[in-house]
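What you see below is based on every heavy atom in this structure, not just the backbone, and it leaves out hydrogens, waters and symmetry mates.
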2 protein chains.
Amino acid sequence: MRGDLSRPATLADVASRAGVSPATVSRVLNGGTAVAPGTRALVEQAIHELEYVVNGHARALAAAASEVVGVIVGDMSDPFFAHIVAGVQDQTFLAGQLALVCSTGGDPSREIGQLEHLRRLRAGGVILVGGAIRDHHHQLELTRQLTGFLRRGCRVVLCGRPPIPDLPQASAITFDNTGGTMRLVEYLTGLGHRRIGYITGPMAQSTSRERLHGFRITARDHDPALVAEGTFTRESGRVAGLKLLRHKGVTAIVAANDLMAAGALAAVRTDGRPVPQQVSVAGFDDIEFCQDTHPPLTTVRLPLREAGATAGGIACGLAQPPAGVIRLNADLVVRGTTGPVRE
Amino acid sequence: MRGDLSRPATLADVASRAGVSPATVSRVLNGGTAVAPGTRALVEQAIHELEYVVNGHARALAAAASEVVGVIVGDMSDPFFAHIVAGVQDQTFLAGQLALVCSTGGDPSREIGQLEHLRRLRAGGVILVGGAIRDHHHQLELTRQLTGFLRRGCRVVLCGRPPIPDLPQASAITFDNTGGTMRLVEYLTGLGHRRIGYITGPMAQSTSRERLHGFRITARDHDPALVAEGTFTRESGRVAGLKLLRHKGVTAIVAANDLMAAGALAAVRTDGRPVPQQVSVAGFDDIEFCQDTHPPLTTVRLPLREAGATAGGIACGLAQPPAGVIRLNADLVVRGTTGPVRE
DNA sequence: CTGAAAGCGCTTACAG
DNA sequence: CTGAAAGCGCTTACAG
């Protein structure tokens, strides 16, 4: 079939085989301008015979257009990110685009490097997922990078992190982290809990700070010693839970995400205290498995996949960037791990 | 700083600002050939001042090299895929490459389209994750696509699916699906279970078929009516579990993955039968949450992240393609959902 | 409806 | 150690 098996066919190959000019082949490919049906058939035949696949790099270079959306996440093994990415991909698929998923492995400095990578590939959209890092230098560098993206017409979306005041052109989709935690803690307070332990995520991240903030302003007479820091992993939640249980009179433990709550649940069990009779436990995010823990986990539901889809739609250019910030609700989901304090 | 703020700086801009030729800038960028220290400094200064970022498309076009690895998965919200992708990304990061993650949403026909997309971008490596589809036409088309990749020197890795006889150049990393299931069922048989219900994944996928095969050849006197088909989701497992429980004398339910096992567990609970006293339940994969179900889920452990990392290393060119198929173990993990049959 | 030509932004032999 | 030039594979005004 092919003359030179080692070299993929080019548009020029197709043109000469079909007996037309490269421009015509390009028109058939892109379908903008009209092409005579007969000519079109000839070209399509040649494309088929040569198993021609357009070179995306050449196209991107010539047309200055990109069909790639970049997504920067923490770690895919965390369901929080996995569900958001699934939502993004629902949209990139619809748009016929590709998602370049970069993970930082939780190391904020990597975020910048990944952005640079995405800039190289001239991503048409970029989505930053999850908590922003507080570090000032990092923020500065981030703003600089994103400015570069915006300047060339790239769509920038912040998903699950606060808007950047200096960059109002960047769309922002936020979760009601503070409100969700407040509703959860108010509910616990209503059940009579007074000494509530809190397992926070890394304090450098906005998500952690917002959730902890909700806890602090709602937990009455709250003892600063009752806050332990984890890393959003199950194991860190287990360790933090064990630590919190050493304090006298703790009747409830709230974790900043479900993974850590699962770890805390295991810690309470290890300690031999019944849940929720002696200790209540709650998480945040409402990942699917919350229904299957023992008892089922009380938590705060976040529409993760929906958030990802919204972000993806904007980043692909399928949806218009919103005028203001899109705020997504965080609803309390009461299950079996929480109950009234025993007198 | 920049003359024209709307246009990103090009290598030519850098060259003229530094007072050198484009070739020299390219040399500084790629670091192959030697460049005089003074010249290098000049160029680096210009790069910095212009905030220059190399155009990856132009580079890929000129050098015919790509720094992108494609990964095709089912759906990121399934931990099976999420963990494998996390492993892949561990390696792409080390290699300084980017992962283009395409999801098929479980629709096999999408796999081909996504591959075509990856071909366009001249991915340097491509990883197909998870079960292969049996459909003959699909197989043919897949082989055709992959041949195209291989022909141009792209590294092809099959991760969690069997090797393709026609394409020995494609690396394959397989899980011991059959053996793992056999060990699980033998263990159950050893506990006295005779009527074991099995929840299989979609029969079109190789993963499902391999696991079911392990079940069939191990379960003694196995009743064909005791196999229900799910879709690897929790909900499908719940529905299938309910169905299996209607059969008389079922003392154990084995699901082809943990998500469906969690659903089955919920079904058994709904039915009011104690686990494992009246019904044993088991899954496959050993995702993290298995430790937290009630009771903790007996399952078969798959080294998912490790598999992803191995695949990623090969796809990035960091590791040599293996001589033969890499077979990964699937170890039985006994927890609380399984126990002896009560007389 | 179609073609010739310039250009997208790099890299890489080839000279020097 | 450095530069001039050709070429990578497309797209897109500009003519006709």
Start with the C-alpha distance between B:R119 and B:E116, add both sets of side-chain angles, then the distance that settles salt bridge (charged side-chain N to carboxylate O under 4.0 Å, His left out), and finish with yes or no. CA-CA 5 Å; B:R119 258 178 99 175; B:E116 174 131 359; 6.0 Å; no

To the nearest angstrom, how far is A:L61 atom CG from D:dG7 atom P? 17 Å

Donor-acceptor pair, distance only, cut-off 3.5 Å: does the side chain of B:Q114 make one with the backbone of B:S103? yes

Backbone of B:L121 reached by a side-chain donor or acceptor of A:H57 within 3.5 Å: yes

Tell me the interatomic distance from A:L121, atom CG, to C:dC8, atom C1', rounded to whole angstroms. 16 Å

Are OP1 or OP2 of C:dT11 and a side-chain N or O of B:N30 less than 4.0 angstrom apart? yes

Could you state the CG-C1' distance from B:L11 to D:dG7, rounded to the nearest angstrom? 15 Å

Return no unless some side-chain N or O of A:T39 is found under 4.0 Å from OP1 or OP2 of C:dT2. yes

May I ask you to decide whether A:D75 forms a salt bridge with B:R305, counting only side-chain N to carboxylate O separations under 4.0 Å? yes

Comparing nearest nucleotides in DNA chain C, the 5'-proximal residue of the pair B:A23, A:S21 is A:S21

Nucleotide D:dG9, atom C1' - distance to OH of A:Y52 in whole Å: 7 Å

Return the nearest nucleotide to the side chain of B:N55; candidates are C:dC10, C:dC8, D:dG3. C:dC10

With distance as the sole test, does B:R161 use its side chain to make a donor-acceptor pair with the main-chain N or O of B:G130 at under 3.5 Å? yes

Separation of B:R122 atom CZ from C:dC10 atom C1', in whole Å? 17 Å

Verify, without hydrogens or angle tests, whether A:S171 (side chain) and A:V157 (backbone) share a donor-acceptor contact under 3.5 angstrom. no

Expressed in angstrom and rounded to an integer, what is the separation of B:R120 atom CZ from D:dG9 atom P? 17 Å

Taking B:Q139's backbone N and O only, do any of them form a donor-acceptor pair with B:T143's side chain (distance below 3.5 Å, no angle check)? yes

Using a strict cut-off of less than 4.0 Å between a Lys/Arg side-chain nitrogen and an Asp/Glu carboxylate oxygen, indicate whether A:R151 and B:E51 qualify as a salt bridge. yes

B:L29 CG to C:dG9 C1', in whole Å, measures 12 Å

Write out a two-atom table: protein N or O, nucleotide N or O from nucleotides 14-16 of chain D, distance below 3.5 Å.
none

So which nucleotide from D:dG9, C:dT11, D:dT11 ends up closest to the side chain of A:R59? D:dT11

Quick check on D:dC1: is either OP1 or OP2 less than 4.0 Å from any side-chain nitrogen or oxygen of B:T24? no

Interatomic distance at C1', D:dG16 relative to D:dT12, whole Å: 16 Å

For the P atoms, the ones on C:dA5 and on C:dC1, what distance do you get once it is rounded to whole angstrom? 24 Å

Stem finding on DNA chain D, please: runs of three or more consecutive Watson-Crick or G-U wobble pairs, both distances under 3.5 Å, sorted by first number. C:1-3 with D:14-16, C:5-12 with D:5-12, C:14-16 with D:1-3

Using whole Å, report how far NE2 of A:H57 lies from C1' of D:dG7. 17 Å

As a test of reading the structure: which of C:dC10, D:dT12, C:dT11 is closest to the side chain of B:S26, going by heavy atoms? C:dT11

Do side-chain atoms of B:Q89 reach the backbone of A:V101 as a donor and acceptor pair under 3.5 angstrom? yes

Picking from C:dT2, D:dC10, C:dC10, which would you name as closest to the side chain of A:A36? C:dT2

Where the side chain of B:S66 meets the backbone of B:R122, is there a donor-acceptor pair that is under 3.5 Å apart? yes

